[in-house]
Amino acid sequence: MNHSISLTVNGARRDFVLDDPRVTLLDLLRERLHLTGTKKGCDRGQCGACTILVDGKRINSCLALAISHDGADILTIEGLARGDQLHPVQAAFIAHDGFQCGFCTPGQIMSAIGMIKEAQAGDDPERIRECMSGNLCRCGAYAGIVDAVRDAQGQMDESNQRRSA
Ligand code: FES
Ligand code: FES
């Protein structure tokens, strides 16, 4: 039996007909929309490579059934930059060498954006590490990742303050 769902993906509405209710958001993004920036690492919720934002919250898209998210607003790594202008978290990962092979990086960046929104880590490197602990990096780029997150968070705080001043 087919199921119809609609999602907003990086600002654009997308309609899908699912012929299998077990299709995950990860497979839908990668295989139907060819948004392959979201990576499939473990496919079982253990590595964080597939992290995206759904209605503003970070989730592992390999564990999320597409059919359960009808109507959701999805943001992936492809939706962050505005033309040539990178999102502050993307720019900070480059500035602080927050990656080596880059496989985990889209998930790290999306998780960092979600974490900054949650505002639960503050500027404490240990708390940031803990809040990002669902995102594994086999290259061990953790020091650069934490520096990047702290830097981006500081910049985003400053620009929010300027906007509200
Ligand atoms: S691919 Fe989803 S957590 Fe590893
Ligand atoms: S940069 Fe290679 S896995 Fe993280």
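Sequential numbering from 1 along the given sequence is applied to the chain's residues. Start at 1 and go down the list; that is how both ligands and their atoms are numbered.
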Just checking, is any N or O donor in the side chain of Gln155 or Asp151 under 3.5 Å from an acceptor N or O on the other one?
-> yes
Is Met115 linked to Leu80 within one hydrophobic cluster, defined over Ile, Leu, Val, Met, Phe, Trp and Tyr using a side-chain heavy-atom separation of less than 4.5 Å?
-> yes
Ligand 1 to Gly45, heavy atom cutoff 4.0 Å, flagged ligand atoms 3 (S)
What atoms of ligand 1 come closer than 4.0 angstrom to any heavy atom of Cys50?
-> 1 (S), 2 (Fe), 3 (S)
Ligand 1 to Asp43, heavy atom cutoff 4.0 Å, flagged ligand atoms 1 (S), 4 (Fe)
Would you say Thr8's side chain and Gly11's backbone share a donor-acceptor pair under 3.5 angstrom?
-> no
Does Cys47 bring an N, O or S atom to under 2.8 Å of atom 2 (Fe) of ligand 1?
-> no
If you scan protein heavy atoms around atom 1 (S) of ligand 2, the nearest is Gln100 N, 3.1 Å
Subset of ligand 2 atoms that lie under 4.0 Å from at least one heavy atom of Gly102 | 1 (S), 2 (Fe)
N, O or S of Cys101 under 2.8 Å from atom 4 (Fe) of ligand 2 | no
Which ligand 2 atoms, with their elements, are less than 4.0 angstrom from a heavy-atom of Cys104?
-> 1 (S), 3 (S), 4 (Fe)
Among all protein non-hydrogen atoms, which one is nearest to atom 3 (S) of ligand 2, and what is the separation to 0.1 Å?
-> Arg138 N, 3.3 Å
Calculate, to the nearest 0.5 Å, the distance between atoms OG and CG belonging to Ser61 and Leu25 respectively.
-> 6.5 Å
Considering the heavy atoms of Gln46, write down every atom of ligand 1 situated less than 4.0 Å from one of them.
-> 3 (S)
Would you please say whether a donor-acceptor pair under 3.5 Å links the side chains of Asn135 and Ser111?
-> yes
Are Arg30 and Thr36 linked by a side-chain donor-acceptor pair shorter than 3.5 Å?
-> no
What do we get for Cys137 next to ligand 2 when only non-hydrogen atoms under 4.0 Å count, side chain, backbone, both or neither?
-> both
Which of the numbered atoms in ligand 1 are below 4.0 angstrom from a heavy atom of Cys42?
-> 1 (S), 3 (S), 4 (Fe)
Check whether the side chains of Arg14 and Ser6 place a donor and an acceptor atom closer than 3.5 Å, and report yes or no.
-> no
Scan side-chain atoms only and decide if Asn10 and Thr76 contain a donor-acceptor pair under the 3.5 Å cut-off.
-> yes
